[in-house]
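To start, the structure under review is shown below, and the notes come after it.
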Amino acid sequence: KISSALFLAMASCLALPGAEAQEMKVGLGRQVITPEGPIWMAGYASRLSELVSRERIKTRNMIDGALFGFIIIFTISVSSGGFLIYRNIVGSIKRLQKGSEAIAKGNFEYEVKIKSNDEFGDLAETFNAMSRNLGEIEKLRQDFLSLASHQLRTPLSGTKWLIETM
C-alpha cells in the first residue's frame with residue numbers, strides 16, 4: 001500500500017508545473033484529481049503506475065526526437081563541411097592540372113592561381129617558379145639555336161661566295 005502523502009507527492013510531480021493534485025476520499029478508495037484527470041486508488045497504485053509509464057514514454061519520445069534531430073543536424077553539418085573541403089581540394093588539383101597541360105603545350109607564361117596558405121598554395125608557388133624557369137630555359141635554347149645557325153651559315157656563305165667568284 002502507498003501512503004496518502006507519498007501518493008499525493010507522486011501525483012503532484014506528474015501534474016503540470018504549478019498545478020497541484022488534490023486528494024478526495026470516495027467510498028472505499030481514494031481519488032486524486034490532477035490536471036490530466038482523476039486517478040483512482042483502491043489500495044494499490046495501479047493507475048499511478050500507468051500514468052508514470054505514460055510519462056516515461058512521453059519523456060523517452062522527447063529524448064528520441066531530440067537525439068534524432070541532433071543526428072540529422074550533425075550529419076548535414078559534417079556532409080556540408082566534407083563537401084566544401086572536397087571542392088577546395090579538387091578545385092586546386094584541377095587548376096594544377098590545367099597549368100600542367102598549358103606547359104606541355106609550350107605556354108610557359110601560364111600561372112596557376114591558388115591563393116591559400118596550405119600545401120596547395122606552396123605547390124602552386126613552386127609550380128609557377130618552375131614554369132618561369134622553363135620559359136627562361138626555352139628562350140635561351142631558342143637564342144642558342146638562332147646564334148648557332150647564324151654562325152654556321154656565315155662561314156659557309158663566305159666560302160660559297162669565294163667559290164663563285166673564282
Side-chain angles (χ1 to χ4, degrees), residues 9-21 34-37 39 45-166:
M10 290 172 67
S12 291
C13 289
L14 297 173
L16 294 174
E20 294 186 18
T34 67
E36 291 187 355
I39 300 174
S46 62
R47 178 75 174 110
L48 183 59
S49 67
E50 287 176 26
L51 186 61
V52 168
S53 293
R54 274 192 251 129
E55 289 301 317
R56 282 185 182 160
I57 290 170
K58 285 180 188 177
T59 304
R60 179 67 183 188
N61 288 343
M62 284 188 341
I63 291 171
D64 288 348
L67 185 61
F68 181 73
F70 173 76
I71 289 171
I72 293 295
I73 290 170
F74 179 76
T75 303
I76 290 171
S77 299
V78 168
S79 298
S80 299
F83 175 73
L84 292 175
I85 291 170
Y86 169 79
R87 196 175 87 192
N88 186 28
I89 290 172
V90 170
S92 297
I93 290 173
K94 285 188 178 188
R95 285 190 286 275
L96 285 167
Q97 180 182 10
K98 191 174 179 183
S100 298
E101 290 169 355
I103 288 175
K105 292 178 183 174
N107 182 6
F108 298 111
E109 295 176 7
Y110 188 87
E111 264 195 43
V112 176
K113 293 180 175 97
I114 297 178
K115 305 284 186 212
S116 64
N117 294 327
D118 58 2
E119 290 81 6
F120 284 113
D122 295 341
L123 183 60
E125 287 177 22
T126 305
F127 187 89
N128 291 334
M130 179 194 68
S131 176
R132 284 188 299 273
N133 289 342
L134 286 173
E136 290 171 9
I137 290 170
E138 178 63 18
K139 184 172 180 350
L140 290 173
R141 185 185 71 82
Q142 288 175 354
D143 290 347
F144 173 75
L145 286 176
S146 174
L147 184 63
S149 166
H150 176 72
Q151 292 297 329
L152 286 175
R153 270 189 258 139
T154 303
L156 288 175
S157 300
T159 309
K160 182 179 174 186
W161 178 79
L162 190 61
I163 291 174
E164 287 177 358
T165 55
M166 291 177 146

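Along the sequence shown, residues carry numbers from 1.
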Within 6.0 Å of CD in E109, more than 12 heavy atoms from elsewhere: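 No, the 6.0 Å shell around CD holds no more than 12 heavy atoms from other groups.
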D143, CG atom: more than 12 neighbouring heavy atoms under 6.0 Å: yes
Geometric class of the F74/F70 ring pair [parallel <30°, tilted 30-60°, perpendicular >60°]: parallel
Closest heavy-atom contact between [X] and [Y]?
X    : Y    : result
N128 : Y110 : OD1-O, 4.3 Å
R95  : V112 : O-CG2, 3.9 Å
S116 : D118 : OG-OD1, 2.6 Å
I114 : A124 : CB-CB, 3.8 Å

K98 vs E101, salt bridge (charged side-chain N to carboxylate O under 4.0 Å, His left out): CA-CA, chis, key distance, verdict: CA-CA 5 Å; K98 191 174 179 183; E101 290 169 355; over 6 Å; no
Look up atom [atom1] in [X] and atom [atom2] in [Y], then write down how far apart they are to the nearest 0.5 Å.
X    : Y    : atom1 : atom2 : result
M130 : L123 : CE    : CG    : 9.0 Å
L67  : I72  : CG    : CD1   : 10.5 Å
I89  : F120 : CD1   : CZ    : 5.5 Å
L145 : L140 : CG    : CG    : 11.0 Å

Donor-acceptor contact present, side-chain S131 to main-chain F127, <3.5 Å: no
Test item: S146 side-chain N/O and Q142 main-chain N/O as donor-acceptor pair under 3.5 Å: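 No: the side chain of S146 does not pair with the backbone of Q142.
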Under-4.0 Å salt bridge between E136 and K139: no
Given I137, N133, I103, the one that forms side-chain contact (heavy atoms from CB on, under 4.5 Å) with F108: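 It is I103, the one option of I137, N133, I103 that forms the side-chain contact (heavy atoms from CB on, under 4.5 Å) with F108.
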